[in-house]
Each structure stands twice: as C-alpha cells, then as structure tokens.
Amino acid sequence: MELHVPVMTSEILDIVESCIDGDDSTLVDATLGGGGHSGAILEKFPNLKIIGFDQDAYAGELAASRLSKFLDRIKIVPSNFYEIEEYVGEFCENGEVSCVFFDLGVSNMQISTPERGFSYQSDGPLDMRMNALADIPSAADIIERSDVHELTRIFREYGEERYASHIANAITRSRDGKTLPATTGELVSLIRRALPAPVQRKMGRHPARKIFQALRIAVNSELEALPKGLDGAYKVTRDGGVIAVISYHSLEDRIVKRTFQSWGKSGKGDIITRRPKIPSEKERRENRKSRSAKLRAFKIDKSRKNIE
C-alpha cells in the first residue's frame, strides 16, 4: 500500500495559525484519511484539538495508529463530513470550532489497495465505495443496472468525458453480449477497445481516468455531500474562523468557488483566496497527486448582518 502524502500541508498550517483562538482551539479535519494534515497540525500546535471525520473505517484505523501519540487531542468520527454539525455539537463544548478543512477526492492509500476498486492501474473488483461497509450500489452495480442514457449522463456530468456516449454504448453492448466487465482491469480493457488508438493518443492521459472518476463520484454521491458539508462547516465555525478546501477537479472546485462567492455576497464573511492557491513547483514535482490541487479559503464573519 502506498503511503498517502498530504497536499499543501504548509498552506494548511498557515491557515490554521491565522485563525486559532487561544490554547483550547478545536479544529475539524473533514477528510482525515491517513492523518497527514492532522498529524502536522497536532505536531506544530501542541494545545490544539481536532475532530477528524472519515467514512472509510480502514482509513480511520490507520489514522488512529499513525496519530497514536496524539489520541488525547483527536476524536476520530467514522462518518461522512456532511454530518459535521451533529458531531461537533456532541464533541465540542461550545459547538464551535476555529477551522474546518477539507482535502477532497480519493487518497493514495485507497487507490493503491486494489481490492477497493478505485485504481485503473491495478486489477480488482469494481467497488469504489469510500465506506466499504455501506449498503449502497458499487461501481459494478451501477454499470449493471444503468441504461445507456444514465451511463452517458454519469460519464459526461461527473467525468466530463468527451466520449461518454461512445463508452456507455460499449458497456451496454457488453452487457447484451454477457461480457459485462466485473473487475477494474476488464473495464479498462473495454474502454481501450471502445476508443480508437488516435483518440487515446490525443487524450494525453490514461483513457479510463475520467470514467473511473465519474463512477467513484456517482457511487459515493460526492457532489451531493459537498454542499451539505460546506453548509455544516459554516454553521460550526466560529466568528473569525476559516473554512479551507483542497479540491482536485473542476466539478468540486466549482461548487466550492460558487459557495464561497454566495457567502461573500450574503455577508457571511470574506474570501481569503481571490484566486485559488496551487502547490509550489517543488511539491508538484515531488507529489504527483498535488498537480491538480486547488486550495480555496473563506473567513467567517458572523457579526455582519446577513443580507440574504
């Protein structure tokens, strides 16, 4: 399993430093993962406490192991971040925190575990559930049950795939021929067969990348969870606190950007990052995942009159 390297850690540390309120400040790590960001924060700020969310039970166990020396200062919640408001009220005395930060998308440890089904570079079951115990349709279920129109919509809307209908048609034909892909490797092979070689060369990146992104988003309802998570984050962040989000594709970034713009117009605070921050050239060179990362941050001002 590949170790997850947190993205833009120094930028997150700067944001935390700018908004902590005394020695008893509490933060929310909305996407705990392997605990990279939280570990760096707990190391640098010895009095801070963190409430860490992750719906992936395995990730929570791994984070607890890696953060074992900080377990007196971190509460790990095995839940999706859209439940932030409920759990902060339960674990935080005054129901407010100084900062909420999100590091969206799939982690290296999930991608590098073939049996989770996230990777188009390793063969495994077509699963893609962030919470492997959740009673929700897997990627294989979506491929098996969706008609060509629904598959086209998923690939186009969630993957922004130019050849969405072409690939959806290839999948439904395989279903009719009883050769429906059952593993990630079989799905990759189908996509490669469906797309002419010149098209694949023009893509510049792996031809299955956008399809896997689309299926992962559909399986986990990621674009539905994000607005709820941001709304909950606003409700639990104190006056003067900050909400920061690292996103990795345009669909997530667009939601964050528009949410922050709406908050700014309605008097809820100020956008700190007029343009999204991106990783340094050194980080982009050393950590491949960071290349598409964008960081946006918003400072809460609850003293203003809401003009909505």
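Sequential numbering from 1 along the given sequence is applied to the chain's residues.
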**Report entry** Test side-chain hydrogen bond (donor to acceptor under 3.5 Å, both in side chains) applied to Asn169 - qualifying residues, sequence neighbours left out
**Finding:** none
**Report entry** Partners passing side-chain hydrogen bond (donor to acceptor under 3.5 Å, both in side chains) against Thr183 (at least two apart in sequence or in another chain)
**Finding:** Asp123
Ring pair (Phe, Tyr, Trp, His ring centres under 6.0 Å) partners for [X], two or more places apart:
X      : result
Phe155 : none
Phe260 : Trp263, Phe298
His149 : none

For [X], what residues pass the side-chain contact (heavy atoms from CB on, under 4.5 Å) criterion, not counting sequence neighbours?
X      : value
Thr237 : Val97, Val100, Ile243, Ile300
Ala182 : Glu186
Glu144 : Leu180

Tell me which pairs pass side chain to side chain donor-acceptor pair (under 3.5 Å) where either residue lies in [range], with sequence neighbours left out.
range            : answer
residues 173-182 : none
residues 128-137 : Asp127-Arg129
residues 203-220 : Arg192-His206, Arg216-Glu222

Query raised in the report: Distance under 6.0 Å and angle within 45° of the ring axis: does Arg291 meet both against Tyr248?
Result: no
Query raised in the report: With sequence neighbours left out, what residues match Glu61 under salt bridge (charged side-chain N to carboxylate O under 4.0 Å, His left out)?
Result: none
Query raised in the report: When you look at CZ of Arg162, are more than 12 heavy atoms from neighbouring residues, nucleotides or ligands closer to it than 6.0 Å?
Result: no
Report task. Could you pull out the closest heavy-atom pair between Leu195 and Gln200, with the gap in Å? Result -> O-NE2, 2.8 Å
